[in-house]
Amino acid sequence: MLLFQDILDLIRAEARKHLNTLDERDVIFDQTEHAHITIRMIKYEKTVERFEEKLKMICDDIENLPFVASLNYDRGYININVDGGYLLRAIRDSVETTGSFPDSFQDPERVSVEHTSTNPTGPIHMGRIRNSVIGDSISRLMKRYGYRVVTQYYVNDSGKQMVSLYLGYEKFHKGEKITKEILLDGYRKIYDYFEKQGTEGEVETLMERYERGDHKLISEIKNIAQIMLDDIVGDLDLLDVKMDEYTFESEFIVTGETEKVVESLSDHIQDEDGAKFIEIPNVRNIFIKRKNGTSLYLTRDIAYHMYKFSQYDKCIVVLGEDHKEHGKIMDYIMHNLLGYNNSLDFVFYGMVNLESGKMSTRKGTSVTVKEVYNKLNEKAREEVIKRYGQGDDVDRVSRDIAVSSLRFYMLKINMGKPITFRWEDALDFNGETAPFIMYSYTRAGSILEKVDEAGNSNEAGNIKVDGMEKEETSLILEMYKYPYKITDAVKSLRPDIITGYLLELSKKFTTFYETCKVMGEESGIQGRRVTILKNYMSILEDASYIVGIKNVKKM
RNA sequence: GGGCUUGUGGCCUAGUCUGGAUAAGGCACCGUCCUUCUAAGUCGGUGAUCGUGGGUCCGAAUCCCACCAAGCCCGCCA
């Protein structure tokens, strides 16, 4: 439920009074420079009877709407320009009375956002962090929309990879103090060892022990997973990614939930040499139990989803595109075989590759989050010092720039597309980057500070709406679009819509900044522009927070 | 081989779902603007047969078909 006045809808309503067949999609914010809002009439020109007559009535009615400044009809388009003063007041009133624009959307559904869930077999690298950034931004987006959101990390502490990690330690570092470096070394060695042996038999034996409920083994492996996880959580923390809940996969084995999955699916289960599988149409036979009785990743993940469905109305899972089929299978099992009707959405993202190929912890070809974060921090620090010298908040500001840049880099490209990680791009602070957005905020704040110093801060109440520059109106309209963008982003689970919006918004601001002076202008104009600045900052902060961009006073 | 996804100036991207007015930005390159609110900025310029070929339509980057190229998936791995 949107608590703001939807001007597109108001225009649609007027137009439909005379043309009830009008498609709502023909009333849009204009992408070209013809007008602010446009109604595409081309398709009705020839098909609608007495078109000219109706067109005139539509135009007359729309022109009378309070927020419409001017209107003309040109080659099949009704071009509408809005009254910036009217919209500015609407935005201001919302922000002043409720603190934000729009104040709230309010959807009481309980939502779970599962993301990251990376195997604790090494430090988090730039490929995996895309998952975290997307997931965290989606959770913030959903919260902003009014959902009750919980973020979840599903910790895989019981699969083959974890058992291998454990075995690597046992075989090559037994007795040594367990650190992530030691574990990582053992992990790499164990895979070489498997290759030489030509068998992973030792892992299989351990896994059987594990599934039979060998408590000592389970807790030792969980301990190892926890050590690796602590490191990952530390990196997530650097990027302001906070998880509400960690669920360990082993819990489902220990509590017998995994076994219950098999029971729940018993009507659909088929047997092959003692192994159990189910048929998924258009996919293939999917095994949920091995011949030796042990469970599979999917089995445990079903148990996890049954748990999530018992707690949440809506579950969102962020996964790499290589898991697309897994998502399809999970969806089919939960809804078609187990009969749940909770909503389940998978968000898939393209891989982050290096120019030289894939990132792999095991092969040592990954770029870790820490490396990138540290370099960004360092560069940001240089830039800040270059401008302001060594000050008290250099640390904080450089950190904010680093976090913002890294998160923005991960979100600026459409999530479905792969990213080729390049240092030069990641470390760029010019053009379409987080610093550009942040910079617009500091410039706005800087003007307000000057206004304050001059003792004119009360001017905001005094707004002269006549003679507004087109750059002002254009910025105000962009600000006004914020609720539409949030709604779009929520409906399509696309936080990148917000980063795109932030870029558009700050570009509009920059143009305004270059064209319209605030200091030294006559009272009514200064008041109007101060109002624009205040609300611009408010909306920019609001949207920035969703995607994890920080706003600073000086940079 | 089957399935899914992607292909837009030298490079990176937006737009594709829901077809419409001269395809929108950034990087790089060339040139411009700091005695006016932060030059991480501005303004101007060079540069695109929107992978190829058909089709539907008054109209296609967008929809349909075929082909080409790249990526991912097709385990009793996770």
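The sequence lines fix the lettering, A, B, ..., with proteins before strands; numbering per chain opens at 1.
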Visitor: Strictly by modelled atom types, are A/Glu257 and A/Tyr304 linked by a side-chain donor-acceptor pair under 3.5 Å?
Guide: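 Result is no, nothing qualifies.
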
Visitor: Nearest-Å distance, NZ (A/Lys507) to P (B/rC43)?
Guide: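 Distance, rounded to whole Å: 11 Å.
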
Visitor: Start at the 5' end of RNA chain B and walk down; is the nucleotide closest to A/Glu383 or to A/Glu432 reached first?
Guide: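 Looking at the nearest nucleotide for each, A/Glu432 comes out on the 5' side.
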
Visitor: What's the closest nucleotide to the A/Lys417 side chain, out of B/rU5, B/rA40, B/rU16?
Guide: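 Nucleotide nearest to A/Lys417's side chain: B/rU16.
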
Visitor: For A/Tyr44 and B/rG59, what is the distance between atoms OH and P respectively, to the nearest whole Å?
Guide: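 A/Tyr44 atom OH is separated from B/rG59 atom P by 19 Å.
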
Visitor: In chain order, what residues pass the side chain to side chain donor-acceptor pair (under 3.5 Å) check against A/Arg75, with sequence neighbours excluded?
Guide: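 Once residues adjacent in sequence are excluded, A/Arg75 has no partner under the side chain to side chain donor-acceptor pair (under 3.5 Å) criterion.
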
Visitor: So, for A/Phe346 and A/His323, is the gap between ring centers shorter than 6.0 Å?
Guide: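 Between A/Phe346 and A/His323, the centre distance exceeds or equals 6.0 Å.
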
Visitor: Nearest heavy atom decides the nucleotide; on that basis, is A/Met519 or A/Arg422 closer to the 5' end of RNA chain B?
Guide: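 The 5'-side residue here is A/Arg422.
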
Visitor: Determine the Euclidean distance between corresponding C1' atoms of B/rC57 and B/rC65; express it in Å to zero decimal places.
Guide: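 Comparing C1' positions in B/rC65 and B/rC57 gives a spacing of 16 Å.
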
Visitor: Could one point to a donor on the side chain of A/Asn79 or the base of B/rA21 with an acceptor on the other under 3.5 Å away?
Guide: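 Per atom types, the contact qualifies.
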
Visitor: Between the side chains of A/Ser440 and A/Tyr536, does any donor sit under 3.5 Å from an acceptor?
Guide: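 There is such a pair (donor and acceptor under 3.5 Å, judged by atom type) between the side chains of A/Ser440 and A/Tyr536.
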
Visitor: Among B/rA40, B/rC37, B/rG20, which nucleotide has an atom closest to any side-chain atom of A/Val518?
Guide: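 Looking only at side-chain atoms, A/Val518 lies closest to B/rC37.
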
Visitor: Distance only, no hydrogens: is a donor on one side chain within 3.5 Å (strictly under) of an acceptor on the other, for A/Asn79 and A/Thr38?
Guide: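 Side chains of A/Asn79 and A/Thr38: pair found under 3.5 Å.
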
Visitor: Could you list by number each residue of residues 488-505 of chain A showing a heavy-atom separation from RNA chain B of less than 4.0 Å, or answer none if no residue does?
Guide: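 The answer is A/Arg494.
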
Visitor: Start with the C-alpha gap between A/Lys481 and A/Glu478, add the side-chain angles, then the distance that decides, and say whether salt bridge (Lys or Arg N to Asp or Glu O under 4.0 Å) holds.
Guide: CA-CA 5 Å; A/Lys481 286 180 188 170; A/Glu478 198 62 33; 3.4 Å; yes

Visitor: So what does A/Phe277 touch, heavy atoms closer than 4.0 Å: a base, only the sugar-phosphate, or nothing?
Guide: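 Nothing, no heavy atom under 4.0 Å.
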
Visitor: Compare the minimum distances between each of B/rG7, B/rG41, B/rA39 and the side chain of A/Glu514, then state the nucleotide with the smallest one.
Guide: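 Looking only at side-chain atoms, A/Glu514 lies closest to B/rG41.
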
Visitor: Looking for any heavy atom pair under 4.0 Å, which part of the strands does A/Thr442 touch: base, sugar-phosphate only, or nothing?
Guide: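 Base, at least one base heavy atom under 4.0 Å.
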
Visitor: Contact class for A/Met555 vs. all strands (heavy atom < 4.0 Å): base, sugar-phosphate, or nothing?
Guide: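 The answer is base, as A/Met555 lies within the cut-off (heavy atoms under 4.0 Å) of a base atom.
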
Visitor: Tell me: CG of A/Leu427 to P of B/rA40, nearest whole Å?
Guide: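 Going from A/Leu427 (CG) to B/rA40 (P), I get 18 Å.
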
Visitor: With salt bridge (Lys or Arg N to Asp or Glu O under 4.0 Å) as the criterion, how do A/Glu382 and A/Lys379 come out once you've worked through the C-alpha distance, each side chain's angles and the decisive distance to 0.1 Å?
Guide: CA-CA 5 Å; A/Glu382 276 170 29; A/Lys379 191 180 171 196; over 6 Å; no

Visitor: Between B/rA40 and A/Phe436, is there a base-stacking contact, meaning the centre of the base's six-membered ring lies under 5.5 Å from the residue's ring centre while the planes stay under 30° apart?
Guide: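 No, A/Phe436 does not stack on the base of B/rA40, since the centre distance and plane angle fail the 5.5 Å and 30° test.
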
Visitor: What contact category does A/Tyr388 fall into here, base, sugar-phosphate, or nothing, at under 4.0 angstrom with non-hydrogen atoms?
Guide: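 Base, at least one base heavy atom under 4.0 Å.
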
Visitor: Looking only at side chains, do A/Asn414 and A/Asp496 share a donor and an acceptor under 3.5 Å apart?
Guide: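 Absent: no donor and acceptor within the cut-off.
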
Visitor: Hey, is B/rC34 sitting syn or anti, using the within-90° cutoff around 0?
Guide: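 B/rC34: syn glycosidic orientation.
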
Visitor: If you measure from the P atom in B/rG71 to the same atom in B/rG15, how many Å do you get, rounded?
Guide: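 So the two P atoms sit 24 Å from each other.
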
Visitor: Compare side-chain N and O positions of A/Asn353 against OP1 and OP2 of B/rG71 and report whether any pair is under 4.0 Å apart.
Guide: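 For B/rG71, OP1/OP2 do not have a side-chain N/O of A/Asn353 under 4.0 Å.
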
Visitor: Rounded to whole angstrom, note down the P distance from B/rG25 over to B/rC64.
Guide: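 These two P atoms come out 29 Å apart once rounded.
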
Visitor: Check this for me, if you would: do A/Lys553 and A/Asp393 make a salt bridge, where the nitrogen-to-carboxylate-oxygen distance has to be below 4.0 angstrom?
Guide: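 Salt bridge between A/Lys553 and A/Asp393, a charged N being under 4.0 Å from a carboxylate O: no.
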
Visitor: Under 3.5 Å, is there a donor-acceptor pair between the side chain of A/Ser266 and the main chain of A/Glu263?
Guide: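 Between the backbone of A/Glu263 and the side chain of A/Ser266 there is a qualifying donor-acceptor contact (under 3.5 Å).
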
Visitor: I'd like to know if A/Arg40 reaches the base of B/rA21 with its side chain such that a donor and an acceptor end up less than 3.5 angstrom apart.
Guide: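 Check fails, no donor-acceptor contact within cut-off.
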
Visitor: Identify all stems in which RNA chain B takes part, counting only runs of at least 3 consecutive pairs (Watson-Crick or G-U wobble, each distance under 3.5 Å), and give each as one range with another, ordered by first number.
Guide: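 Output for stems: B:1-7 with B:68-74, B:10-13 with B:24-27, B:29-31 with B:43-45, B:51-55 with B:63-67.
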
Visitor: Out of B/rA21, B/rU42, B/rC37, which has the shortest distance to the side chain of A/Thr32?
Guide: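 Selected nucleotide (nearest to the side chain): B/rA21.
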
Visitor: Does a side chain donor of either A/Glu211 or A/Ser295 reach within less than 3.5 Å of an acceptor in the other side chain?
Guide: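 Side-chain D/A pair, A/Glu211 to A/Ser295: present.
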
Visitor: Which atom pairs, donor and acceptor, lie under 3.5 Å between side-chain atoms of residues 426-436 of chain A and protein residues at least two apart or in another chain?
Guide:
unit_1: A/Asp428; atom_1: OD1; unit_2: A/Asn430; atom_2: N; d: 3.0
unit_1: A/Glu432; atom_1: OE2; unit_2: A/Lys507; atom_2: NZ; d: 2.9
unit_1: A/Thr433; atom_1: OG1; unit_2: A/Phe429; atom_2: O; d: 3.3

Visitor: Do A/Tyr193 and A/Glu202 get their side chains close enough for a donor-acceptor pair, meaning under 3.5 Å?
Guide: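 Short answer, yes.
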
Visitor: Check for me whether A/Arg443 meets the cation-pi criterion with A/Tyr513, that is, NZ or CZ under 6.0 Å from the six-membered ring centre and within 45 degrees of the ring axis.
Guide: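 So A/Arg443 does make the cation-pi contact.
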
Visitor: If you measure only the distance, is there a donor-acceptor pair under 3.5 Å linking the side chains of A/Tyr77 and A/Asp30?
Guide: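 Side chains of A/Tyr77 and A/Asp30: no pair found under 3.5 Å.
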
Visitor: With a 4.0 Å cut-off on heavy atoms, is A/Thr433 in touch with a base, just the backbone sugar-phosphate, or nothing at all?
Guide: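 No contact at all - A/Thr433 keeps every heavy atom at 4.0 Å or more from the nucleic acid.
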
Visitor: Please list, by residue number, the residues of residues 390-415 of chain A whose heavy atoms come closer than 4.0 Å to an atom of RNA chain B; answer none if no residue qualifies.
Guide: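 The stretch gives A/Ile401, A/Ile413, A/Asn414 as the residues lying under 4.0 Å from the strand, ordered by number.
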
Visitor: Find the distance A/Lys508:NZ to B/rU42:C1' and express it as a whole number of Å.
Guide: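 It is 16 Å, rounded to the nearest whole Å.
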
Visitor: Work out how far the C1' atom of B/rG54 is from that of B/rA21, and round it to whole angstrom.
Guide: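 Each nucleotide's C1' atom is 27 Å from the other's.
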
Visitor: Atom CD of A/Glu355 and atom P of B/rA70: how far apart are they, to the nearest Å?
Guide: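 Nearest whole value for this atom pair: 18 Å.
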
Visitor: Can you build the contact string for nucleotides 73-78 of chain B? Use B for base contact, S for sugar-phosphate-only contact, and - for no protein heavy atom under 4.0 Å.
Guide: SSBBSB

Visitor: Atom NZ of A/Lys43 and atom P of B/rG20: how far apart are they, to the nearest Å?
Guide: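 Checked: the NZ to P distance equals 9 Å.
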
Visitor: Go through the steps to decide whether A/Lys328 and A/Asp331 satisfy the test salt bridge (Lys or Arg N to Asp or Glu O under 4.0 Å), and finish with yes or no.
Guide: CA-CA 5 Å; A/Lys328 199 165 138 190; A/Asp331 183 77; over 6 Å; no

Visitor: What is the distance, rounded to the nearest whole Å, between atom OH of A/Tyr73 and atom C1' of B/rA21?
Guide: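 It works out to 12 Å between those atoms.
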
Visitor: To the nearest Å, give me how far apart CD (A/Glu33) and P (B/rA23) are.
Guide: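 Spelled out: CD on A/Glu33 to P on B/rA23 is 12 Å.
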
